[in-house]
Amino acid sequence: MQNLLHNLNPEQLAAVTLPAQSALILAGAGSGKTRVLTTRIAWLIQTGQISPSGILAVTFTNKAAKEMLARLSAMLPINTRGMWIGTFHGLCNRLLRTHYKDAALPQTFQILDTQDQLSAIKRLLKAFNVDDDKFPAKNVMYFINNAKDAGVRAAQMEAFDANERKMIELYELYDEQCQREGVVDFAELLLRTYELLSRNQPLREHYQQRFRHILVDEFQDTNDLQYKWLKLMSGQGASAVFAVGDDDQSIYAFRGANVGNMRAFETEFRVQNLIKLEQNYRSHGHILDAANILISNNSRRLGKNLRTDAGQGEPVRVYEATSDLQEAQWIIEESKNLINEGVKRSEIAVLYRSNAQSRVIEHALFSAGIPYTVYGGLRYFQRAEVKHAIAYLQLMDNPHNDSAFLRVVNFPARGIGVRTIELLQNAATQYGISLYAAVPYMTGKAGASLGSFVKLIEGARFETQQFALPELVRVVLDASGLLAHYATEKEGADRIENLEQMVNAAKQFVSEEGYGQDAPAHLGPRSDAQAGQAIVNADGLEILDADAPLSTVMSPLSAFLSHASLEAGDNQAQAGQDAMQLMTVHSAKGLEFDNVFIAGLEEGLFPHESSSKENDGVEEERRLMYVAITRARKRLYMVFSQTRMLHGQTRYNVRSRFFDELPEESLKWLSPRVQAQWFGNRKSAWDDAPLTFGADKALTQRVAQKSSGWRIGEAVSHSRFGEGVIVNLEGSGDNCRAQINFGSHGMKVLDLSVAKLEKLGR
DNA sequence: GGCCTGCAGCTTTTT
DNA sequence: GCTGCAGGCC
């Protein structure tokens, strides 16, 4: 125990050892959030307050879930496999597989990823002759997902105009189509589980009693449905919900995340303990000052100020480029200098607001011969050839998945044309069955070609009945004709490699999930003998506990297909290479680097112009900027450009308003004159260079700072205005004034010889 | 059935 | 300015 808790700072320790009540932990960037979460779990178990099975820990990404599991097994000598640690979607998948009957799903229901969902909607629009100019598939998808993320079904929605009426109708039809095909989209996983537990009291009570401790990571990213889900799971807070998050890092409003959930949580879960983790273990002082002061411009914050023991470090370097091209060149030139000084390439990150910005930077890096990796892009299971192979597997597991059917019925080409498919569609619609099931109704040439496709699938299933998953995958790659097809293609070598890779992915999956290496990939209907712990409710209905081993609720094949949808795999990032890191600010969240460039800091781009139209849009952009700044450990560069190519046109930009919200004291502006000097003797911007413009303000601030004893970025407390951050200092001697941001009390300028201020936290 | 061309769209992303 | 998709043509 001593071991577990030592090295925690006082706030971390307080959070870890809180009593069994709901609590909100405001965890700043780099404050040891994951450590607190995992230590809390370990502490609860080690002190005997709960058994591992009584814990439910929810994350948003698989990466975060894996990280928690890894750290936990390093801390505790327990088998973590049975623990309920996972993503919202992963946990819901598990619940729905176990209770598939109660959830009115087939045992082998399949999960649509976003691509699949969009194509399913396109298909629906075609089938019902919907004008796709008036109702673009994408808009229909947004409408449906927004509704589901809010926890609302079509039947519960009210239309205010004809357009909305149609949308609701399409939502209804889409749900029917999914039900018929035995598929669920991502939002449906959550909504179905929510409805299942709402409706089924014994089941609900069973899980509520079981999970006495629920821990939530990145709470600021929860959407309305996830919040409702947590309320339900915890029995309105009867179980202790330990929510960890940072309202200042909420950057996913566009996909339904609602920061308001944090405040709602505070009141609805009657939170007695709000703990702020403000000690930062990542960045130097100037970087944190910049972050603190920038974010103090946001309203309605829960309030938080990061501090560090690391010292002020270097001021942030600001560079103005003449064009996006020159911006890229400067970044590369500066990176070269860093690398020459011994910096590892992987410790240099270039962050940007939008993906389109990467092209110019990539080009410059390529020309300079510097290895780099770009985050984002296609993940393994999203590649066309891999999706094709998956579609064959899906048909073997659930032949009623029409999306899978259409994807591969004529790929590789086997003479099944549009006309044939049309006839088949008609038959399927007429009988209200799936395309696969409609094949026997087809006659003539169409019937023959379709019949042989069905035989192919059935044959593969029969042949592989006793096969383990990796062997089954191997057979399908061959029998489908996919390998042969790509062998004839000029550029097919990479695709073949990706396909072969799937056998390895299957091997790895089987061993990681604890299936026997030789366990048959297919599974017959679940027998009672296989069933996990059986619970019989008051009505005599049998409820299975989802704690049963995965292998009794999912065949290796079904589980692998879930895995392919829920964990799309890595992107192409070549691991192992020491390469510079390029990514959007969004994907940088949670990462950290010694050296960080933030590029494209111009009005219209960052903050993005489309954000000014949205409610609180600029505040979200500011949070995004806050995330970007706090990625840097030692050196931070902020770069902007006078001109930039966008949508084929040169745009003339002014620098981002965020520069005006940063403490001049923590910035060092580099001018082209100074830049010439570095290019000459190949020194980086970190060698002492004269301050250029911006110096006057910085000088004023330094004088004021010295004579007042206060520092920009410092957290203060005022008897009337509460807690705040010093944003600016001016004057000298007894005549110093401080501009202080008091959050909800607003920005104040106070005379330091009069105002009674207290230092906070340092 | 595959290739070619023309046109729309263009912020961020995980599951 | 580039990409991705849909529809048309050979």
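Note: hydrogens, waters and symmetry copies are ignored here, and every other heavy atom, side chains too, is used. Convention: sequence-line order gives letters A, B, ...; per-chain numbering from 1.
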### Query
Which residue lies toward the 5' end of DNA chain B, A/S565 or A/I251, if each is placed at its nearest nucleotide?
A/I251
### Task
Please name the residue in the list A/R301, A/R623, A/R622, A/R300 that meets the salt bridge (charged side-chain N to carboxylate O under 4.0 Å, His left out) test with A/D616.
A/R300
#### Entry: N-O pairing of A/D116 and A/K387 below 4.0 Å
yes
### Query
A/N145 CG to B/dT14 P: how many Å, rounded?
16 Å
Donor-acceptor contacts under 3.5 Å from residues 136-147 of chain A side chains, at least two apart:
residue : atom : partner : partner atom : Å
A/N145  : OD1  : A/Q117  : NE2          : 2.8
A/N145  : ND2  : A/Q117  : OE1          : 3.2
A/N146  : ND2  : A/Y142  : O            : 3.3

### Contact residues, residues 404-414 of chain A to DNA chain B [heavy atom, < 4.0 Å]
A/N410, A/A413
### Modelled atom types, side-chain donor and acceptor of A/Q581 and A/Y375, under 3.5 Å
yes
### Query
Which residue pairs pass the salt bridge (Lys or Arg N to Asp or Glu O under 4.0 Å) test with at least one member in residues 406-421 of chain A, sequence neighbours excluded?
A/R419-A/E422
### Task
Would you please confirm or rule out a distance under 4.0 Å between OP1 or OP2 of B/dT14 and any side-chain N or O of A/N62?
no
### Task
Report the distance from atom NE2 of A/H563 to atom P of B/dT14, rounded to the nearest whole Å.
16 Å
### Task
For DNA chain B, determine which residues of residues 181-197 of chain A have any heavy atom closer than 4.0 angstrom to one of its atoms, and list them numerically.
A/F186
### C1' spacing across the pair B/dT12 / C/dC5, given as an integer number of angstrom
22 Å
### Distance, rounded to the nearest Å, where A/Q110 contributes CD and B/dT15 contributes C1'
17 Å
### Query
Sequence neighbours excluded, which residues qualify as salt bridge (Lys or Arg N to Asp or Glu O under 4.0 Å) partners of A/E67?
A/R71
### Query
When the distance from CG of A/L624 to C1' of B/dT11 is rounded to whole Å, what number comes out?
10 Å
### Task
Take atom P in C/dG4 and the same atom in B/dT13, then report the distance between them in whole Å.
15 Å
### Query
CD of A/Q649: more than 12 outside heavy atoms within 6.0 angstrom?
no
### Message
Taking only side-chain N and O atoms of A/T584, does any of them lie within less than 4.0 angstrom of OP1 or OP2 on B/dT13?
### Response
yes
### Message
I'd like to know if A/E188 and A/R153 make a salt bridge, using a cut-off of under 4.0 Å between side-chain N and carboxylate O.
### Response
yes
#### Entry: Pairs where residues 351-366 of chain A contributes a residue and the test salt bridge (Lys or Arg N to Asp or Glu O under 4.0 Å) is met, not counting sequence neighbours
A/R353-A/E621
#### Entry: Contacts of type salt bridge (Lys or Arg N to Asp or Glu O under 4.0 Å), residue A/D185, not counting sequence neighbours
A/K148
### Summary
Whole-Å distance, A/H647 NE2 to C/dT3 C1', equals 13 Å
### Query
Is the distance between the ring centroids of A/F405 and A/F453 under 6.0 Å?
yes
### Closest to side chain of A/E621, choosing from B/dT13, B/dT15, B/dT11
B/dT11
#### Entry: Side chain of A/H89 - closest among B/dT15, C/dG1, B/dT13
B/dT15
### Query
Would you call A/E567 and A/K66 a salt bridge, using N to O less than 4.0 angstrom?
yes
## Note on the structure
note: A/Y375, atom OH; B/dT14, atom C1'; distance rounded to Å ~ 16 Å
### Task
Return the residues of residues 349-363 of chain A meeting this criterion: a heavy atom under 4.0 Å from some atom of DNA chain B. Order them by number, or give none.
A/R353, A/S354, A/N355
### Task
Measure the distance between the ring centre of A/H608 and the centre of the six-membered base ring of B/dT11, then answer whether it is under 5.5 Å with planes under 30°.
yes
### Message
Roughly how many Å apart are B/dT14 and C/dT3, using the C1' atom of each and rounding to a whole number?
### Response
23 Å
### Message
Quick check for you: among B/dT13, B/dT11, B/dT15, whose closest atom lies nearest to any side-chain atom of A/R379?
### Response
B/dT15
### Query
For A/F88 and B/dT13, what is the distance between atoms CZ and P respectively, to the nearest whole Å?
21 Å
### Query
Hey, is the side chain of A/S587 poking within less than 4.0 Å of OP1 or OP2 on B/dT13, counting only N and O atoms?
yes
### Message
For nucleotides 4-10 of chain C, give me one character per nucleotide, 5' to 3': B if any protein heavy atom sits under 4.0 Å from the base, S if the only such contacts are to the sugar-phosphate, - if neither.
### Response
--S----
### Message
Regarding A/Y252, tell me which of base, sugar-phosphate or nothing describes its non-hydrogen contacts under 4.0 Å with the strands shown.
### Response
sugar-phosphate
#### Entry: Residues that A/R644 engages under salt bridge (Lys or Arg N to Asp or Glu O under 4.0 Å), provided they are two or more places apart
A/E327, A/E602
### Task
Kindly say whether A/V627 contributes a backbone atom to a donor-acceptor pair with the side chain of A/Q249 at under 3.5 angstrom?
no
### Query
Hey, is A/F254 stacking on B/dT12? Ring centres under 5.5 Å, planes under 30°.
yes
### Query
Can you find a donor-acceptor N/O pair under 3.5 angstrom joining the side chain of A/T114 to the base of B/dT13?
no
#### Entry: For A/F60, ring pair (Phe, Tyr, Trp, His ring centres under 6.0 Å) partners two or more places apart
A/F88
### Query
When syn is taken as a glycosidic angle within 90 degrees of 0, is B/dT12 syn or anti?
anti
### Query
Using a cut-off of 4.0 Å on non-hydrogen atoms, how would the nucleic acid contact of A/T87 be classed: base, sugar-phosphate, or nothing?
sugar-phosphate
### Task
Check ring pair (Phe, Tyr, Trp, His ring centres under 6.0 Å) between A/Y626 and all other residues, then give those that pass, not counting sequence neighbours.
none
### Query
Within this structure, what is the CE-to-C1' distance between A/M625 and B/dT12, rounded to whole angstrom?
16 Å
